[in-house]
Amino acid sequence: MQQISKKKIFFPINQAFRNYLKLYEREMKLPVDYQELRYYESSIPVYDKEGKDTLWETVFYPQSMMAPIHAGLKRIYSILKAGGDQTAEEHLHIERIDYCTFGNSHPFRIKIVNNYNEVYDYFYIKIADASRIYGLELEHILSPYWMNFLIDRNTLVEEHIAGVPGDQFILHYLDRPEFNPKRIAKEFVKFNERCFVRLLGDMRSYNFVFDITPDFDDVQFRIRAIDFDQQFYEGKRTLYMPQYFKENRVFVDLAIKHLNAEVVKQYQQEERALMARRLKVQRHRIKDLRDVIMTDRVSFPEKIHQLGEELAQYYHDPVFARCKSMGEIVERSLKRLLVSSLK
């Protein structure tokens, strides 16, 4: 069984990283910060449709705080979604603010509703942890998905990533007759490869979602990570490979049943080729990010040493064992990606 660090510490955003975030318009002044939302006076638990505790609590604020907090949250939403255009804010209202008591990041989840049509959306406000923000940036550069988030000092605002959580997909969707298990297995192989190359850890089934898209002759699946706290932090190689988590065993069994070794290798190479192509397109941005990561402290020496040794053995590449930081390790991993794409 995989062993994740019980309590991952938060790493501050250093000045070099802040300069990078400002350059790429990620950091700006926001009207509400994480600490302000902590001043709620009461809360009630949130239950799911089956009556189970979700570990989220709906929080309530003193009357004097309600109006400025709600106005500030609507402004944040307009900045996140509409580039700061305020015209729609008068048609929006904050229906609920939830606080999560589970996990490392203790986020606030904001439910915002359009008064005209009752369509709602969510966004999240969290403590700005450097590891998580590196994870979001690497997802933005290396994955097929545009990541929408903002930073203000020690506050992180994230867009909601829509999809069916992996654990719920297993329970309620996996065995549907209209779903092709080979397509599910294929996507899990690709997702596993993407996480491993960019060193995103702890991708247990509840930390990713399935995006399900009906196509003209079949149903397509895409898996998206939704938790980036464990970006190049742990020392054990297999913690960066979703296939080794017991929560994902059902997807591994699907791959074993429906895909042979040659097909798995083909899908892995396809994903690596796509990531290499994205790296080349975003070469200036990834260089700027690399320069920041190389000098940042986002893990501990013993974890860096362990991961370097294990990757050196896995790839038969001694350069990994000589790496002195997580930045050097991820740089080596991405260089291997580019070199293999040239063969």
Side-chain angles (χ1 to χ4, degrees), residues 1-2 135 138-147 160-228 230 236-281 311 314-315 333-334 336-338 340-341 343:
M1 191 173 80
Q2 300 281 38
L138 285 170
E139 182 77 357
H140 183 80
I141 295 168
L142 294 172
S143 84
Y145 312 109
W146 181 276
M147 302 304 293
H160 175 64
I161 298 174
V164 179
D167 54 345
Q168 296 301 306
F169 184 89
I170 292 168
L171 290 174
H172 304 297
Y173 292 81
L174 187 64
D175 295 325
R176 290 191 176 187
E178 68 270 28
F179 287 179
N180 185 341
K182 294 178 183 178
R183 289 193 178 276
I184 299 171
K186 171 186 176 181
E187 179 59 18
F188 184 75
V189 168
K190 285 173 167 278
F191 177 67
N192 188 82
E193 195 69 10
R194 198 158 63 240
C195 292
F196 183 47
V197 169
R198 47 76 59 94
L199 298 177
L200 177 61
D202 195 19
M203 281 297 106
R204 289 173 280 191
S205 57
Y206 49 78
N207 285 332
F208 57 81
V209 297
F210 275 80
D211 183 0
I212 305 168
T213 307
D215 204 353
F216 69 94
D217 65 346
D218 208 341
V219 177
Q220 301 283 351
F221 302 93
R222 296 290 181 269
I223 299 178
R224 296 192 63 179
I226 59 172
D227 191 326
F228 301 91
Q230 295 282 348
K236 192 173 181 181
R237 169 184 62 84
T238 53
L239 293 174
Y240 299 102
M241 305 173 82
Q243 70 188 75
Y244 286 106
F245 289 99
K246 62 181 176 60
E247 293 86 350
N248 301 335
R249 180 66 199 182
V250 64
F251 301 120
V252 176
D253 291 341
L254 274 186
I256 292 171
K257 181 178 179 180
H258 295 287
L259 308 176
N260 61 37
E262 289 75 17
V263 170
V264 168
K265 188 175 181 180
Q266 174 198 332
Y267 292 153
Q268 290 172 328
Q269 183 53 41
E270 285 179 9
E271 192 60 31
R272 285 176 173 264
L274 286 171
M275 284 190 285
R277 197 171 303 153
R278 295 182 196 114
L279 269 179
K280 292 170 186 174
V281 170
L311 289 176
Y314 180 82
Y315 285 119
S333 182
L334 297 181
R336 290 182 59 88
L337 191 72
L338 287 172
S340 65
S341 73
K343 293 178 181 178

Report the distance from atom [atom1] of [X] to atom [atom2] of [Y], rounding to the nearest 0.5 Å.
{"X": "Leu138", "Y": "Met147", "atom1": "CG", "atom2": "CE", "result": "11.0 Å"}
{"X": "Asp175", "Y": "Ile170", "atom1": "CG", "atom2": "CD1", "result": "10.5 Å"}
{"X": "Asp167", "Y": "Asn207", "atom1": "CG", "atom2": "CG", "result": "9.0 Å"}
{"X": "Asn192", "Y": "Tyr244", "atom1": "CG", "atom2": "OH", "result": "8.5 Å"}
{"X": "Arg204", "Y": "Gln230", "atom1": "CZ", "atom2": "CD", "result": "8.5 Å"}
{"X": "Ile141", "Y": "Trp146", "atom1": "CD1", "atom2": "CH2", "result": "11.0 Å"}

* Asked: Of Val209, Ile212, Val250, which is the lone residue that meets side-chain contact (heavy atoms from CB on, under 4.5 Å) with Phe169?
  -> Ile212
* Between Phe210 and Phe179, ring centroids under 6.0 Å -> no
* Donor-acceptor pair, Glu187 side chain versus Ile223 backbone, under 3.5 Å? -> yes
* **Arg198 side chain to Gly135 backbone, donor-acceptor under 3.5 Å** => yes
Does some side-chain heavy atom of [Y] sit less than 4.5 Å from a side-chain heavy atom of [X]?
{"X": "Arg194", "Y": "Pro144", "result": "yes"}
{"X": "Phe208", "Y": "Ile161", "result": "no"}
{"X": "Leu334", "Y": "Val197", "result": "yes"}
{"X": "Leu174", "Y": "Ile184", "result": "yes"}

* Please step through side-chain contact (heavy atoms from CB on, under 4.5 Å) for the pair Lys280 and Leu338, ending with a clear verdict. => CA-CA 8 Å; Lys280 292 170 186 174; Leu338 287 172; 4.0 Å; yes
* To do: May I have the step-by-step check of side-chain contact (heavy atoms from CB on, under 4.5 Å) for Thr238 and Phe245, ending in yes or no?
  => CA-CA 9 Å; Thr238 53; Phe245 289 99; over 6 Å; no
* **side-chain contact (heavy atoms from CB on, under 4.5 Å) between Phe221 and Lys186, worked out** => CA-CA 9 Å; Phe221 302 93; Lys186 171 186 176 181; over 6 Å; no
Minimum heavy-atom separation for [X] to [Y], with atom names?
{"X": "Val219", "Y": "Arg183", "answer": "O-CD, 3.2 Å"}
{"X": "Phe191", "Y": "Arg224", "answer": "CE1-C, 4.4 Å"}
{"X": "Lys182", "Y": "Leu259", "answer": "O-CD2, 4.4 Å"}
{"X": "Gln268", "Y": "Val189", "answer": "CG-CG1, 3.9 Å"}
{"X": "Gln220", "Y": "Asp215", "answer": "NE2-OD2, 3.2 Å"}
{"X": "Met203", "Y": "Asn248", "answer": "O-ND2, 2.9 Å"}

* To do: Please determine, by modelled atom types, if Gln266 and Glu270 share a side-chain donor-acceptor pair under 3.5 angstrom.
  => yes
* **Cation-pi, Tyr173 ring and Arg176 (6.0 angstrom, 45 degrees)** => yes
* Structure fact -> Those residues at least two apart in sequence (or on a different chain) that pass salt bridge (charged side-chain N to carboxylate O under 4.0 Å, His left out) with Arg249 are Asp253
